[in-house]
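Just so it is clear: chains get the letters A, B, ... in the order the sequence lines come, proteins before strands, and each one is counted from 1.
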2 protein chains.
Amino acid sequence: MNEVMSYEGYNLLYNLFSLGIASMLFTTIFLFVARERVLPRYRMAVMVSGTVTAIAAYHYFRMFDSFNETFGPEAVEGVVYNVGYRYIDWFLTVPLLLVETIAVLALARAVQTKMLVKLVPAAALMIGLGYPGDAQLNVFYEGDASLWGLLSTIPFLYILYVLFVELGKSLDRQPAGVVKKIKELRLLLLATWGVYPIAFIASMNATGFDETSFVLREAGYTIADILAKCLFGLMIFTIARIKSAADDAEFEKSEYKEEVSK
Amino acid sequence: MNEVMSYEGYNLLYNLFSLGIASMLFTTIFLFVARERVLPRYRMAVMVSGTVTAIAAYHYFRMFDSFNETFGPEAVEGVVYNVGYRYIDWFLTVPLLLVETIAVLALARAVQTKMLVKLVPAAALMIGLGYPGDAQLNVFYEGDASLWGLLSTIPFLYILYVLFVELGKSLDRQPAGVVKKIKELRLLLLATWGVYPIAFIASMNATGFDETSFVLREAGYTIADILAKCLFGLMIFTIARIKSAADDAEFEKSEYKEEVSK
């Protein structure tokens with residue numbers, strides 16, 4: 001027999017998964033079309049942002065179906081809600097989120113490569129180490145997952161070090177408005193990624209399926225995902241716009257109405 | 001009765017097939033959109049790369065469905081997992097992978113044609129000769145498939161000869177950064193294509209369906225495919241970017257921030 005959920009819990013997650021699909025899908029379309037509203041050198045950052053939300057849109061469709069086949073009125077006997085979709089999504093999107101963050105700065109090519117060589121493998125490692133722990137906690141409800149949690153924290157702390165300390169040194173050549181935005185971007189990243197260890201620790205003592213913790217975890221992940229991918233991608237786009245206007249007076253004039261002295 | 005798999009084995013392959021779909025699909029979209037971020041003379045290579053991942057995305061959707069209909073909770077009585085999808089995919093994509101490799105070099109037209117006339121038929125022959133052997137091993141579990149394995153090794157070795165010896169002679173006119181990338185590309189190709197003979201030889205003594213070897217084989221093919229098509233295509237794109245910047249100072253200026261002396 002499949003697990004059973006209350007109507008309220010089922011309905012809340014159902015709607016949040018649908019919100020996830022809508023947010024990811026239409027941020028993708030917007031970013032791909034709007035890429036031409038920034039200078040060519042910032043388009044790669046906008047396109048990577050759109051790719052991240054596109055990958056997430058695919059996984060939200062899959063999660064929505066997996067959720068319905070497990071808990072819905074037409075649940076299929078023997079189906080288990082697939083925790084794997086989130087991890088495959090994160091395995092692809094978290095490294096790309098770091099790529100878009102570095103790409104929008106348009107740093108010197110050597111500096112950019114140096115940053116990415118550190119950030120991308122660390123991000124893939126962080127997700128790869130988290131999955132066995134989460135599967136242990138939320139599929140098999142057995143064993144001590146704290147080792148996986150701990151191991152995956154190491155690359156997480158390293159990423160924070162690179163973003164807050166090493167990247168900090170490259171920010172002094174950026175326009176003032178951009179520095180402020182980058183700092184907001186880093187805080188958004190810290191806040192949204194922070195949902196993950198909280199959810200992980202919260203499910204460490206579970207001894208079986210518990211509706212409340214399932215709903216809290218999936219709702220938390222979904223809201224954090226929308227902020228970390230859609231809002232994040234739109235902030236990247238805003239930074240690309242500010243930088244395009246700062247780089248090129250012609251671009252500024254064609255994109256923004258001339259501001260008469262007030 | 002269909003073959004039965006454990007939850008762990010089923011779940012692992014299920015998630016890897018989904019990873020395959022996501023990787024192929026979004027690499028395709030990215031490459032098709034990003035083709036304008038290289039000079040016109042390199043766009044054909046990027047578009048062929050995107051076509052390869054598009055063909056693979058289609059086949060991963062089909063394999064995902066075939067896998068679920070064979071082993072999933074809603075398995076259809078009498079369905080046999082279709083080994084053919086991989087071979088049809090490879091029959092189309094492996095020659096095209098060689099086309100994109102040659103195209104990105106932008107060699108003289110006569111040299112390019114000479115290379116392709118050797119590589120494309122050899123690749124099609126290699127896949128065509130491998131299929132009867134694999135079907136014998138993994139559908140009928142009978143007969144000696146070593147002859148097919150041996151026959152298909154001949155064009156494989158010929159392709160390696162052309163890529164490592166003949167192509168090597170054309171590399172001295174390429175920029176230094178490009179030569180390094182092409183060498184990485186060839187090693188990636190050798191490493192990922194190498195999974196295939198290993199899997200072939202490993203299943204030579206099978207006398208029926210064996211879950212462990214099925215999971216290892218399909219997981220190995222899927223991971224090798226993602227690296228050989230998505231990572232490979234993105235490396236082709238990177239080479240096209242490096243060559244575009246080397247060919248044209250205007251392009252370099254518009255795509256990359258001017259690198260001020262530090």
Side-chain angles (χ1 to χ4, degrees), chain A residues 2 28 31-33 35-36 39-44 46-48 50-59 61-63 66 69-70 75-80 82-89 91-93 96 103 105-113 131 135 139-140 170 173-174 243 247-248, chain B residues 4 7-8 10-39 57 60-61 64 68 71-75 177 222-223 226 230-231 234 237-238 241-242 244-246 250-262:
Chain A
N2 294 357
T28 303
L31 287 174
F32 272 111
V33 177
R35 76 185 187 285
E36 26 169 81
L39 288 183
R41 71 174 64 111
Y42 300 111
R43 285 183 196 161
M44 198 69 87
V46 175
M47 280 150 59
V48 174
T51 303
V52 164
T53 50
I55 293 171
Y58 165 79
H59 287 108
F61 274 112
R62 289 280 191 206
M63 284 192 273
S66 175
E69 285 176 4
T70 313
V76 178
E77 186 68 33
V79 166
V80 178
N82 182 18
V83 179
Y85 286 135
R86 286 212 184 269
Y87 278 86
I88 299 173
D89 178 74
F91 185 73
L92 297 170
T93 57
L96 289 175
L105 296 176
L107 303 168
R109 250 179 298 171
V111 181
Q112 180 164 327
T113 306
Y131 178 60
V139 180
F140 303 110
S170 307
R173 275 184 299 276
Q174 302 287 334
K243 293 194 68 159
D247 287 2
D248 185 339
Chain B
V4 176
Y7 174 75
E8 287 78 6
Y10 170 75
N11 201 245
L12 176 69
L13 282 189
Y14 183 97
N15 283 324
L16 278 176
F17 279 124
S18 180
L19 173 66
I21 292 174
S23 309
M24 300 297 178
L25 192 58
F26 300 108
T27 304
T28 303
I29 295 172
F30 177 81
L31 288 174
F32 273 113
V33 177
R35 78 189 185 287
E36 34 170 70
R37 305 262 65 77
V38 302
L39 287 183
Y60 271 88
F61 273 111
F64 185 84
N68 276 314
F71 300 105
E74 294 184 282
T222 303
I223 294 165
I226 293 171
C230 300
L231 180 59
L234 294 171
F237 178 68
T238 308
R241 295 270 294 170
I242 297 173
S244 298
E250 274 305 306
F251 173 87
E252 183 169 27
K253 224 175 113 183
S254 78
E255 284 289 323
Y256 298 98
K257 185 95 174 170
E258 282 170 272
E259 294 178 24
V260 278
S261 55
K262 286 176 286 270

Name the region of A:I55, side chain, backbone, both or neither, that has any atom closer than 4.5 Å to a heavy atom of chain B.
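Backbone plus side chain of A:I55, per the 4.5 Å heavy-atom cut-off to chain B.
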Here the gap from A:Q112 atom CD to A:R109 atom CZ, rounded to the nearest 0.5 Å, amounts to 9.0 Å
Counting heavy-atom pairs under 4.5 Å with chain A, which one of B:G72, B:S18, B:P73 comes out on top?
B:S18
Kindly state whether the ring of A:F91 and the ring of A:Y131 have centres lying under 6.0 angstrom apart.
no
Which value, rounded to the nearest 0.5 Å, describes the distance between B:E252 atom CD and B:L39 atom CG?
11.0 Å
Could you have a look at A:Y58, A:Y42, A:Y87 and say which one has the most heavy-atom pairs with chain B under 4.5 angstrom?
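Sorted descending by pairs with chain B, the first entry is A:Y58.
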Can you tell me which of B:L25, B:I21, B:L12, B:L16 forms the most heavy-atom pairs within a distance under 4.5 Å of chain A?
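Ranked by contacts with chain A, first place is B:I21.
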Where does A:F32 contact chain B at under 4.5 Å (heavy atoms): side chain, backbone, both or neither?
side chain
Heavy-atom contact with chain B under 4.5 Å, split by part of A:N82
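Contact with chain B involves the side chain of A:N82 alone.
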Let me know if B:L19 has heavy atoms under 4.5 Å from chain A in its side chain, its backbone, both or neither.
both
Shortest non-hydrogen contact between A:A106 and A:K243, atoms and distance:
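That closest heavy-atom pairing would be N-NZ, 4.3 Å.
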Between B:F64 and B:Y14, does the ring centre distance come in under 6.0 Å?
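Yes, the ring of B:F64 comes within the 6.0 Å limit of the ring of B:Y14, centre to centre.
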Does B:E255 pair with A:R43 as a salt bridge, N-O distance under 4.0 Å?
no
A:D247 versus chain B, the contacting section by heavy-atom distance below 4.5 Å:
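Only the side chain of A:D247 comes within 4.5 Å of chain B.
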